[in-house]
Participant: 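Handing you this structure, nothing more for now.
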Amino acid sequence: MTRQNKVLIVEHSPIVAEGLKNMFENSDYRVIAILPTLESALERMPALKPDILVLNPILLDFSQRLKLRHLFRDYPHLLLAAMQTFYCEQSVLAQFHTVLCLEDNAVRIATKLKNALESISHEEEGTPIGSELSVREKEVLKAISKGYTSKQVADLMHLSVHTVITHRKNISNKTGIKTVSGLTLYALLNHLIDENEIQ
């Protein structure tokens, strides 16, 4: 049996929180607690030791919005997932590894979390030059080479912008190439894209 990732949900709406909890049943994710405020989550973090924190960005006050990662500096392996229930500024959502939406079904949520967890593990492992690109990195490289922006890639692949930027950094580190034109040439030479696909 595979290890279930422990999920802490921070959501003030009982309907949204229970709906999320039900989505996680019979999956690789186990909800260990549902808390109504970020403050209560910060207090309980040492005891709960979650792998994933699903947080509604609305619960962040202004001072917390742009320093969210700083609040969790003692938990470098923690995946931060936004549960977006209302419009939220992109600068706030960029603080999260991935963004879950009300329209997402259980499969889509699981896919977003899996992709974000893979991205975190690649970040931790480091990416020496000459390392083989992962399947996900090749997909991101193809999209970049076709002229998509990081935001467009994020929307296309159901990732957060932060995760796409992390993949781009890993791709640049592994290939030793920093420019989009250089990465496009790399993708062409390695038969990842065809000339006709470049915009």
Side-chain angles (χ1 to χ4, degrees), residues 1-14 16-25 27-85 88-101 104 106 108-127 134 136-137 140 150 154 157-170 173:
M1 184 175 156
T2 58
R3 175 186 173 276
Q4 286 186 307
N5 290 289
K6 296 185 292 182
V7 180
L8 171 59
I9 298 173
V10 182
E11 171 58 63
H12 65 288
S13 165
V16 174
E18 285 300 319
L20 262 176
K21 184 179 177 183
N22 288 336
M23 292 258 192
F24 286 120
E25 286 181 9
S27 74
D28 294 335
Y29 307 96
R30 178 173 56 92
V31 175
I32 54 173
I34 298 173
L35 300 172
T37 65
L38 178 59
E39 289 71 24
S40 60
L42 289 168
E43 285 174 16
R44 304 261 320 267
M45 288 286 289
L48 293 172
K49 296 185 175 75
D51 300 304
I52 300 168
L53 176 72
V54 178
L55 169 68
N56 189 331
I58 286 177
L59 299 176
L60 299 171
D61 66 33
F62 186 76
S63 66
Q64 296 168 330
R65 288 185 176 190
L66 295 179
K67 60 177 186 179
L68 181 63
R69 295 284 179 93
H70 180 72
L71 295 173
F72 296 100
R73 69 182 176 277
D74 295 332
Y75 306 94
H77 308 295
L78 180 68
L79 185 152
L80 295 172
M83 180 62 245
Q84 186 177 10
T85 55
C88 192
E89 300 94 347
Q90 188 57 46
S91 59
V92 176
L93 295 178
Q95 301 290 304
F96 294 86
H97 295 103
T98 192
V99 179
L100 310 180
C101 304
D104 291 342
R108 193 162 182 185
I109 287 173
T111 301
K112 286 181 175 183
L113 293 177
K114 179 178 177 280
N115 292 341
L117 285 167
E118 285 175 3
S119 175
I120 289 175
S121 68
H122 286 304
E123 242 178 85
E124 291 165 5
E125 290 167 8
T127 52
S134 69
R136 178 63 67 181
E137 288 163 351
V140 170
S150 293
M157 299 176 71
H158 309 299
L159 300 169
S160 74
V161 174
H162 170 78
T163 300
V164 172
I165 290 169
T166 298
H167 283 309
R168 287 186 74 155
K169 285 180 189 171
N170 290 343
N173 288 339

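Everything quoted here is computed from the prediction, not taken from an experiment.
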Participant: If every non-hydrogen atom of Ala41 is compared with every non-hydrogen atom of Leu8, which pair is closest and at what distance?
Facilitator: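 Looks like CB-CD2, 4.1 Å.
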Participant: Apply side-chain contact (heavy atoms from CB on, under 4.5 Å) to the pair Leu117 and Asp51, showing each step before the final yes or no.
Facilitator: CA-CA 9 Å; Leu117 285 167; Asp51 300 304; 5.5 Å; no
Participant: Can you name the nearest heavy-atom pair linking His12 to Ile58, along with the distance?
Facilitator: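 It is CE1-CG2, 4.5 Å.
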Participant: Can you check side-chain contact (heavy atoms from CB on, under 4.5 Å) on Asp104 and Lys112, steps first, answer last?
Facilitator: CA-CA 10 Å; Asp104 291 342; Lys112 286 181 175 183; 2.7 Å; yes
Participant: Measure the CG-CZ distance between Leu100 and Arg108 for me, rounded to the nearest 0.5 Å.
Facilitator: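 Leu100 atom CG to Arg108 atom CZ measures 10.0 Å (nearest 0.5 Å).
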Participant: Quick check: do Met45 and Phe72 have side-chain heavy atoms less than 4.5 Å from each other?
Facilitator: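 Of all side-chain heavy-atom pairs linking Phe72 with Met45, at least one is under 4.5 Å.
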Participant: Quick check for you: to the nearest 0.5 Å, what is the distance between Leu20 atom CG and Asn56 atom CG?
Facilitator: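 Spacing of CG (Leu20) from CG (Asn56) equals 9.5 Å.
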Participant: If you round to the nearest 0.5 Å, how far is CG of Leu38 from CG of Leu59?
Facilitator: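 Answer for the CG-CG pair, Leu59 versus Leu38, is 7.5 Å.
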Participant: Give, for atom OG1 of Thr37 and atom CG of Asp61, the distance between the pair rounded to the nearest 0.5 Å.
Facilitator: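 Between atom OG1 of Thr37 and atom CG of Asp61 there are 11.5 Å.
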Participant: Please report the interatomic distance CG(Leu159) to OG1(Thr98), rounded to the nearest 0.5 Å.
Facilitator: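 Spacing of CG (Leu159) from OG1 (Thr98) equals 6.5 Å.
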Participant: Could you pull out the closest heavy-atom pair between Leu78 and His97, with the gap in Å?
Facilitator: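 Closest approach of Leu78 to His97, heavy atoms only: O-CE1, 3.4 Å.
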Participant: Looking only at heavy atoms, what is the nearest atom pair of Leu79 and Ala116, with distance?
Facilitator: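 Heavy atoms only, the tightest pair is CD1-CB, 3.4 Å.
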Participant: Using side-chain heavy atoms (C-beta onward) and a distance below 4.5 Å, is Glu18 in contact with Ile34?
Facilitator: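 Yes, at least one pair of side-chain atoms sits under 4.5 Å.
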Participant: Let's go through Leu93 and Gln84 carefully: what are the C-alpha distance in whole Å and the side-chain angles of both, what is the deciding distance for side-chain contact (heavy atoms from CB on, under 4.5 Å) to 0.1 Å, and is it a yes or a no?
Facilitator: CA-CA 9 Å; Leu93 295 178; Gln84 186 177 10; 3.7 Å; yes
Participant: More than 12 non-hydrogen atoms from neighbouring residues, nucleotides or ligands closer than 6.0 Å to NZ on Lys6, yes or no?
Facilitator: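 Atom NZ in Lys6 is packed in, count exceeds 12.
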Participant: For a quick test of reading the model, state the closest non-hydrogen atom pair linking Val54 to Met83 and the distance between them.
Facilitator: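 Looking at all heavy atoms of both residues, the shortest contact is CG1-CB, 3.8 Å.
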Participant: Report yes if some heavy atom in the side chain of Asn115 is under 4.5 Å from a heavy atom in the side chain of Arg136; otherwise report no.
Facilitator: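 They are in contact (side-chain heavy atoms under 4.5 Å apart), so the answer is yes.
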Participant: Should Phe24 and Leu113 be marked as a side-chain contact (heavy atoms from CB on, under 4.5 Å) after you check the CA-CA gap, both sets of side-chain angles, and the distance that decides it?
Facilitator: CA-CA 11 Å; Phe24 286 120; Leu113 293 177; 3.5 Å; yes
Participant: Going by heavy atoms in the side chains, are Thr166 and Lys169 under 4.5 Å from each other?
Facilitator: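 Counting from C-beta outward, Thr166 and Lys169 never come under 4.5 Å.
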Participant: Minimum heavy-atom separation for Phe96 to His162, with atom names?
Facilitator: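 Looking at all heavy atoms of both residues, the closest pair is O-CB, 3.5 Å.
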Participant: Roughly how far, to the nearest 0.5 Å, is CG of Leu80 from OG of Ser160?
Facilitator: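 Between Ser160 OG and Leu80 CG, I get 10.0 Å after rounding to 0.5 Å.
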Participant: Output yes when Lys114 and Glu118 qualify as a salt bridge under the 4.0 Å nitrogen-oxygen rule, no when they do not.
Facilitator: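 Yes, charged N to carboxylate O under 4.0 Å.
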